[in-house]
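Read the structure below first, then the notes.
In the text below, chain A, chain B and the rest are named by the order of the sequence lines, each starting its count at 1.
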There are 2 protein chains.
Amino acid sequence: MKYIDKLRNSGLRPTKQRLQICEVLFSTEKTFHFTINDLEQKIKNKINNKISLATIYNTVHAFEKKGYLKQIPINSNQTYFDTNVTDHHHFYDLKNEKLIDLENSDVGPINIKRKINGKKIKSVEVLVKLED
Amino acid sequence: MKYIDKLRNSGLRPTKQRLQICEVLFSTEKTFHFTINDLEQKIKNKINNKISLATIYNTVHAFEKKGYLKQIPINSNQTYFDTNVTDHHHFYDLKNEKLIDLENSDVGPINIKRKINGKKIKSVEVLVKLED
DNA sequence: ACACTTGTTTAGAATCATTATAAACAGGAT
DNA sequence: ATCCTGTTTATAATGATTCTAAACAAGTGT
């Protein structure tokens, strides 16, 4: 079962709650953006039972650390996550405060010419802010 | 006096406190990154007298709206601002939680091929995360 | 110079996302 | 089944940001 692998890989035991979180995050083909609150709501809707915020934060952060989720760099009062962990970027519509995926092919290769001593590049993320 | 213009342009009256904030933000040739707390400290050091946080937030946000300051899109518990409002990008060193400027010429032109109906691009920002 | 209106500053309270706590509970190895 | 250790939970603590409302200052008109 792939959820169990994801959890074990993230250093987490496969508990009932965590499997339910996985179900919400990873069962659909379509990827999506979410905040912790969005996720809490989705879980409440899907199963008929709430999972405490502490558990949700905990699990999401473990997945993020292992690369099963990505944080989207944006200044907002809430942290946004993405279930799409492939290399890609985002539009951010300032008026609606909505994120839109931007495929890598829509941006073209980004070649960072400068090097920082002793550091390697973990990710390159482009945020395109939109206004009316 | 250019500070007065910046303030008036941002819809703010040039008060003593706001001029002092301007002095800290815009008097040096060298640009810098800061959080609201950093700024509060800098002000305390520069003048011998504190300015209330409400005033600092207020002024910084007005400047940001007018483009005299830029928010740096990054997920952190604090919001980062940049006095460098030219087109440029950032490295973010995950270990030290430090930002480093990345000149446009070190990234090369970024051409966003996809268009969103009725929206125009306000900014394109690249964040390069660094690890050891 | 004075008074008046309206914008500003301030300290402190309120809010809200996130993190910490510690007690009850559950996995899973033996 | 037992035991050890990790997990869940409700709730409290934290900390950045925003709100509030009272004291104050700018700028205008007299």
field: Atom pair CZ/CG of B/R18 and B/L7 - distance to nearest 0.5 Å
entry: 7.0 Å
message: Give me the atom names and distance for the closest heavy-atom approach of B/I110 to B/V126.
response: CD1-CG2, 3.2 Å
field: Trace of the side chain to side chain contact (heavy atoms under 4.5 Å, CB included) decision for A/V128 with A/H89
entry: CA-CA 8 Å; A/V128 181; A/H89 309 288; over 6 Å; no
- request: Indicate, with yes or no, if A/L39 and A/Y68 share a hydrophobic cluster defined by side-chain heavy-atom contacts under 4.5 Å among Ile, Leu, Val, Met, Phe, Trp and Tyr.
  value: yes
For atom CD of A/E64 and atom P of C/dT19, their distance in whole Å: 11 Å
Distance in angstrom units between A/L12 CG and C/dA26 P, rounded: 18 Å
Runs of at least three consecutive pairs that involve DNA chain C, where pairs are Watson-Crick or G-U with distances under 3.5 Å: C:1-30 with D:1-30
field: For atom CD1 of B/I56 and atom P of C/dG12, their distance in whole Å
entry: 16 Å
field: Partner of A/F34 under side-chain contact (heavy atoms from CB on, under 4.5 Å), chosen from A/I72, A/L25, A/L99, A/D82
entry: A/L25
query: For the residue pair B/F81 and B/H61, does the interplanar ring angle fall in the parallel (under 30°), tilted (30 to 60°) or perpendicular (over 60°) class?
result: tilted
- request: Shoot me the first and last contacting nucleotide of DNA chain D against chain B, ordered 5' to 3', at under 4.0 angstrom to non-hydrogen atoms.
  value: D/dA16 to D/dG27
- request: Tell me, yes or no, whether the heavy-atom count around A/K119 atom NZ, taken from other residues, nucleotides or ligands under 6.0 Å, exceeds 12.
  value: yes
message: Side-chain N or O of B/K50 versus OP1/OP2 of C/dT9: is the shortest distance under 4.0 Å?
response: no
message: Would you compute the distance between atom OG of A/S76 and atom CD of B/Q71 and round it to the nearest 0.5 angstrom?
response: 9.5 Å
- request: Have a look at B/T55 and say if it touches a base, only the backbone sugar-phosphate, or nothing, with a 4.0 Å heavy-atom cut-off.
  value: base
message: Can you work out whether A/L53 or A/T15 has the more 5'-proximal nearest nucleotide on DNA chain C?
response: A/L53
- request: Please assess B/H88 against B/D106 for the test side-chain hydrogen bond (donor to acceptor under 3.5 Å, both in side chains), listing each intermediate value before the final yes or no.
  value: CA-CA 9 Å; B/H88 72 289; B/D106 287 330; over 6 Å; no
Nucleotide N/O to protein N/O under 3.5 Å, stretch nucleotides 28-30 of chain C:
| from | atom 1 | to | atom 2 | distance (Å) |
| --- | --- | --- | --- | --- |
| C/dG28 | OP1 | A/R8 | NH2 | 2.6 |

field: Side-chain donor-acceptor contact under 3.5 Å, A/E103 with A/S105
entry: no
- prompt: Distance check: side-chain N/O of B/Q17 vs OP1/OP2 of C/dT10, anything under 4.0 Å?
  reply: yes
field: Short N-O contact, B/K120 and A/D132, less than 4.0 angstrom
entry: no
- line: note: A/N58, atom CG; C/dA22, atom P; distance rounded to Å ~ 17 Å
query: Nearest nucleotide by nearest heavy atom, which residue falls closer to the 5' end of DNA chain D, B/K16 or B/I36?
result: B/I36
query: Is A/T79 touching bases, backbone alone, or none of the nucleic acid, heavy atoms closer than 4.0 Å?
result: sugar-phosphate
field: Nearest atoms (heavy-atom pairs only) where B/Q78 meets B/N37
entry: OE1-ND2, 3.4 Å
- prompt: Looking at A/Y57, does any N or O in its side chain come under 4.0 Å of the phosphate oxygens OP1/OP2 on C/dT18?
  reply: yes
message: Using whole Å, what does the distance between atom C1' of nucleotide C/dT10 and atom CD1 of B/I51 come to?
response: 12 Å
